[in-house]
4 protein chains.
Amino acid sequence: MKEPISLIVTMDLFVNLPATQKGSHMSRNLELVTEIIDENITNPVRDLETFCAKTAKLLLKKHEYATQSEIRAEADYFFERTYPSGSKGLEPYKLVAEARAKNNGEIKKLIGIKAIGMTSCPCAMEIIRTIGKYDNDDIPPSHNQRNITTVMLEVPSDTSSVDANDLIIIAEQAFSSPTYSILKRREEGQLVYNAHKNPKFVEDVVRDILSAIVKKYHHLPDDTLVIVRSESEESIHKHNAFAERVTLLGELKV
Amino acid sequence: MKEPISLIVTMDLFVNLPATQKGSHMSRNLELVTEIIDENITNPVRDLETFCAKTAKLLLKKHEYATQSEIRAEADYFFERTYPSGSKGLEPYKLVAEARAKNNGEIKKLIGIKAIGMTSCPCAMEIIRTIGKYDNDDIPPSHNQRNITTVMLEVPSDTSSVDANDLIIIAEQAFSSPTYSILKRREEGQLVYNAHKNPKFVEDVVRDILSAIVKKYHHLPDDTLVIVRSESEESIHKHNAFAERVTLLGELKV
Amino acid sequence: MKEPISLIVTMDLFVNLPATQKGSHMSRNLELVTEIIDENITNPVRDLETFCAKTAKLLLKKHEYATQSEIRAEADYFFERTYPSGSKGLEPYKLVAEARAKNNGEIKKLIGIKAIGMTSCPCAMEIIRTIGKYDNDDIPPSHNQRNITTVMLEVPSDTSSVDANDLIIIAEQAFSSPTYSILKRREEGQLVYNAHKNPKFVEDVVRDILSAIVKKYHHLPDDTLVIVRSESEESIHKHNAFAERVTLLGELKV
Amino acid sequence: MKEPISLIVTMDLFVNLPATQKGSHMSRNLELVTEIIDENITNPVRDLETFCAKTAKLLLKKHEYATQSEIRAEADYFFERTYPSGSKGLEPYKLVAEARAKNNGEIKKLIGIKAIGMTSCPCAMEIIRTIGKYDNDDIPPSHNQRNITTVMLEVPSDTSSVDANDLIIIAEQAFSSPTYSILKRREEGQLVYNAHKNPKFVEDVVRDILSAIVKKYHHLPDDTLVIVRSESEESIHKHNAFAERVTLLGELKV
């Protein structure tokens, strides 16, 4: 049994409104969140998506005129990673979760993460190889940049089979390289060198995450929602490069 | 005589308040800006810092209880650059200006720019050279990133000797490379290659801009205020690298 | 024939990517935008949504492997309003547009605006009436706040029947009161007083805009997409109140 | 002895650089922060400003070429407040701290907070009283809005005499009214009514905080730095109202 983690969560809460109702009783949302938080002090919730799902269900009880509710949550999150030096440290991420409830009892929940890593461009590298006359086993320079990637996965209601930490690992393996807060000079050089041996378009990051997801979560139902977004703050451009796929797990299994 | 340029300007307007005055008559600020803009439709102002200086002086007239006023302005700005292909195009920048007026007639005005370029890290490159066993005339990879640099220079009240376009040129020459919106694949490769032949720390960018300023504006008085800030959105880190110097031109002439 | 307006536009450009294609040729997007802008210098485009639709279609030509494209655009926009004093002035808004094209020739375009106004809360006012023992014809205080509202409407491809200025007028009539940059003290008091005679929930703002849209655009097809979002930066809360409806015009005609 | 609180802190770390030094050894900053955090796990630091001061001193040790260092820190912070209903709950704030160290041993540290409250405008209210013909003991409406106020105070190095919670209390007493997450409808009405009995310009908020500070911290030295900033997101305007005073405690004692 692990020790509970405290999260500072920013939340959006929605209910639908029938035509006959002038406005929603907005104060009930805050009351509800407070009740749930108070309860969690003695009885911590298992994960952020369960917290969202619970809140979405209770929202429908509090707003008896509503037939649908929706919750979105985001929190700073720290996860222990092993640095190139072998020592360990906490790296910063965002934890994101969503839940949608209907008054017929239907509930949908998603868990996800946002991770920062590095991408190095395959296209510029190929051209620079010809400009600079590099040996075949030399790695030429390329432009590389900070990339922010979001991975979200639907979680079956009766299971805890998706661990947000696994989504972080999947995202970091899809970058040209993950990045770390603590790097000695030599480790920094090695990391950048390795990133250039593994150049990636923003489209590759999304594609490789989707492949890893279908492999790891093959047992989940075909209608499991999968969302992957990757944005590179291109060093060569004043604008960003962006790729996204929103799909169902079944589409990826083909 | 050039054609006038329209700018969309975001402004901050300040006056000081004597102890005897409960609040400032804030509505006068907007009235004033409107009057100046109306006047400028038929009689365009020479530059953004002159517009700020004029506004700062008139603010003191409108707020007769104030002894000091201050204006800050920022606008999107486009400047024609020659691309590596030889063709020309507009690149995006920010134009910034400030003015401070006192009721003894003293006035101080600054003009500046924000430019985006690329920096490539000298330190990582040096290490990668040893990791990858590159020939001496080969350029190894390094981490590189988007850099945002601000240059501001005080402008003597009786002169128009500082042209914001020159500050853009100075900033772009201090990056490892400027960046351009329109690049064919080969030009993109060449630009990245050149940037790696010219690696720069964020501290180097600030230092090289200061050198260029003291060279170009040697004739300006020693008490001319100079502000240079450079921030790199490091691809190897989740945090940014930042360097700044706020100084007087006289300090740089030594 | 009106004089052309220059806009500074921030754009997102998307194409879909077949499984067989590693990455999109991103540089073509910028080339395309430049070509369209160059052409528009001599031949200005009619409106922002037409510019987006044209760009979306040409994107599909440039990316011959793509079957769908999407464009989103946002620009600062100024529209002349009559102030309570009777004088006229420009007020600031955002102009937004979207277009989606398919390689079967299908094209969808939307035009919209973002406007800032004031909402005054009906619920708190009702309670304060009982707390303060006001006469029946007295207007009690209530909390009021800055509200940001977005209105977007699909535009039939063969028509110019939707003018963004009309959407601004519709949004401003749905607030408790529009706000103005230039107000004399008495006009400011009158505006706030009028806003309290017309209290509105964020839900009311959305509802009243939908009513005005169905009235003004009754002739448009039933499958015209309508998007209305309203967000109040509540003075009484540290969080915002938000209402949204995304629907088809046909749903509103009932 | 209180239980330790965990904070998620965003930090800026600066050292000055001699002319002879090409760049700072930036990686040492992260190493240092990690070391301090590791140490604090077993031995929690007393407060955020002490953490900053300690870090500023150690930065100078790590960067032996630097003669000055500076740290800025900001964290989400929750403080228990008593609601109008008598129940208690946590309200959200920001905790801010700064420290500057010199290699002659001199150290300066500041602690501060950012709080959100409501301001109601005295000027509009006065005019509306004449427009609406209110009885003398009736409170007319006025525009009111969300206000964000920052209070920072220098802390003598040998003392813990400034508690950030007291600065929150001082800021909240200077608003027309503090705001609370949990309010029943009647309490919300009462709070808004009370805010209108206590109308405040943004200048009043700053002034009243300065008065409270000089009263509570009269024993601190005359050269204690005091910073107060207040910004109102005006409901009647599309722009904000802003007031600031940066001064020494001695100036306020007069």
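Below, chains carry the letters A, B, ... as their sequence lines are ordered, and counting in each starts from 1.
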Can you pull out all donor-acceptor pairs below 3.5 Å that join chain D and chain C?
| unit_1 | atom_1 | unit_2 | atom_2 | d |
| --- | --- | --- | --- | --- |
| D/E91 | OE1 | C/K238 | NZ | 2.7 |
| D/Y134 | OH | C/I139 | N | 3.4 |
| D/Y134 | OH | C/I139 | O | 2.5 |
| D/I139 | N | C/Y134 | OH | 3.4 |
| D/I139 | O | C/Y134 | OH | 2.5 |
| D/S142 | O | C/N144 | ND2 | 2.9 |
| D/H143 | NE2 | C/E188 | OE2 | 3.2 |
| D/N144 | N | C/N144 | OD1 | 2.9 |
| D/N144 | OD1 | C/N144 | N | 2.9 |
| D/N144 | OD1 | C/S235 | OG | 2.7 |
| D/N144 | ND2 | C/S142 | O | 2.9 |
| D/R146 | NE | C/E234 | O | 3.2 |
| D/R146 | NE | C/H237 | O | 3.3 |
| D/R146 | NH1 | C/N240 | OD1 | 3.1 |
| D/R146 | NH2 | C/E234 | O | 3.4 |
| D/R146 | NH2 | C/H239 | O | 2.8 |
| D/R146 | NH2 | C/N240 | OD1 | 2.7 |
| D/T179 | O | C/K238 | NZ | 2.6 |
| D/T179 | OG1 | C/K238 | NZ | 3.3 |
| D/E188 | OE2 | C/H143 | NE2 | 3.2 |
| D/E234 | O | C/R146 | NE | 3.2 |
| D/E234 | O | C/R146 | NH2 | 3.4 |
| D/S235 | OG | C/N144 | OD1 | 2.8 |
| D/H237 | O | C/R146 | NE | 3.3 |
| D/K238 | NZ | C/E91 | OE1 | 2.7 |
| D/K238 | NZ | C/T179 | O | 2.6 |
| D/K238 | NZ | C/T179 | OG1 | 3.3 |
| D/H239 | O | C/R146 | NH2 | 2.8 |
| D/N240 | OD1 | C/R146 | NH1 | 3.1 |
| D/N240 | OD1 | C/R146 | NH2 | 2.6 |

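Residue contact with chain D, scored on non-hydrogen atoms closer than 4.5 Å, involves the side chain of C/L183 exclusively. Interface residue C/P92: backbone and side-chain heavy atoms are both found under 4.5 Å from chain D. With a 4.5 Å cut-off on non-hydrogen atoms, C/I131 touches chain D through its backbone and its side chain both.
Taking all atoms of both residues into account, the shortest heavy-atom contact from D/P141 to C/P140 is CG-O, 3.5 Å.
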